[in-house]
Amino acid sequence: MKDHSIKSGPAGSVSRPTRIIQSPYDQVARFKSGVFHFNFQQSVLWMEEKGKMLFGKHFRIEPDDLELIYKLLVYAIGDQENAERHGMSLSKGLLISGPIGCGKSTLARLISYFCARESQFMVKPTREISFEFEKDGYAVINRYSKGSYFKIGGIPVPKVYCFDDLGLEQTPKHFGNECKVMAEILLARYDLFMTKRMQTHITTNLSASELEAIYGNRIRSRMREMFNLVAFDRESKDKRR
């Protein structure tokens, strides 16, 4: 991609980072006239170095993924103009889809660093939530929906989660009762998205029709309202090999 800058919403050219710290806003952003400016190439270098710290020295950003990463970055920093140019709404969450091993989960974790503090998210595997339901029951649904808040300056702020590998979790049982726990969590978070603007992100290996087969048309319909689809090419290679 051509070298150019992207900019965040109100409060992207910088030198190559020489060390990695917690926030790219301190390392690869320039604050001017109330806006953080990011250079895309330097942001990618930051992501690659941070990825090496988190996932091992073998980690690298693939050139084939740069177009997709650009979309994720302009969304994360709140670049309204470029997000709209790519058909994305900043009020919606991200649904990152692609084949096994293409790097959905790792990119989701790296992109979170570029979000504003209140919008940074935890990547939570759906299979772990299934295990939590087997142990704690229906309280888990509340844990990830109505009870999903933290406070900044005494003000409650919705927690943002990225539910990883949606559709691959087992249907758990609690005292013999089965529950499609992720379907219930998504329905609850949809209601909070509509009333409180609670955002949710998802990664999945499955297509829209496969998700509908698991969760039903009711969930699929709401997902269209909740998410921006950002999809890897179906032929993307497995980077774990």
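Computed from a prediction, not measured in an experiment: that's the story for all the values here. The analysis underlying the following values was restricted to heavy atoms, covering all of them including side chains, and did not include hydrogens, waters or symmetry mates.
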Phe163 side chain near Ile185 side chain, heavy-atom distance below 4.5 Å: yes
Worksheet item: Should the ring pair Phe59 and Phe55 be called parallel, tilted or perpendicular, given that the plane angle runs from 0 to 90° and is split at 30 and 60?
Response: tilted
Only residue of Phe150, Phe121, Tyr144 satisfying ring pair (Phe, Tyr, Trp, His ring centres under 6.0 Å) with Tyr161 is Tyr144
Would you say the side chain of Phe193 lies within less than 4.5 Å of the side chain of Arg222, judging by non-hydrogen atoms?
no
### Task
Measure from the ring center of Tyr25 to the ring center of Phe114 and say whether it is less than 6.0 Å.
no
- Message: Looking at Ile100, I'd like to know if its CD1 atom is crowded, meaning that more than 12 non-hydrogen atoms belonging to other residues, nucleotides or ligands lie closer than 6.0 Å.
- Response: no
Check your understanding: Considering residues, nucleotides and ligands other than Arg197, do more than 12 of their heavy atoms fall under 6.0 Å from its CZ?
Key -> yes
- Compare all side-chain heavy atoms of Tyr75 with those of Leu90 and state whether any distance is below 4.5 angstrom. yes
query: Can you check whether Leu206 reaches Leu168 side chain to side chain, under 4.5 Å on heavy atoms?
result: yes
Q.
Is any side-chain heavy atom of Ser148 closer than 4.5 Å to one of Leu192?
A. no
Q: Find out whether Ile129 and Glu169 are in side-chain contact, i.e. whether some heavy atom of one side chain is under 4.5 Å from a heavy atom of the other.
A: no
With Thr200 as partner, the option from Lys92, Met226, Met223 fulfilling side-chain contact (heavy atoms from CB on, under 4.5 Å) is Met226
#### Entry: Met88/Val230 under side-chain contact (heavy atoms from CB on, under 4.5 Å): CA gap, chis, key distance, verdict
CA-CA 9 Å; Met88 294 190 297; Val230 181; 4.1 Å; yes
Would Asp164 and Thr203 count as a side chain to side chain donor-acceptor pair (under 3.5 Å) here? Give the steps.
CA-CA 5 Å; Asp164 191 31; Thr203 75; 2.4 Å; yes
What about the rings of Phe36 and Phe31, do their centers lie closer together than 6.0 Å? yes
Between Asn82 and Arg85, is a side chain to side chain donor-acceptor pair (under 3.5 Å) present by the stated rule, with each step listed?
CA-CA 5 Å; Asn82 282 306; Arg85 186 174 294 145; 2.5 Å; yes
Original post:
With a cut-off of 6.0 Å (strictly less than), are more than 12 heavy atoms of other residues, nucleotides or ligands near NZ of Lys52?
Top reply: yes
Q: Please step through side-chain contact (heavy atoms from CB on, under 4.5 Å) for the pair Tyr215 and Leu166, ending with a clear verdict.
A: CA-CA 10 Å; Tyr215 300 114; Leu166 183 72; 3.3 Å; yes
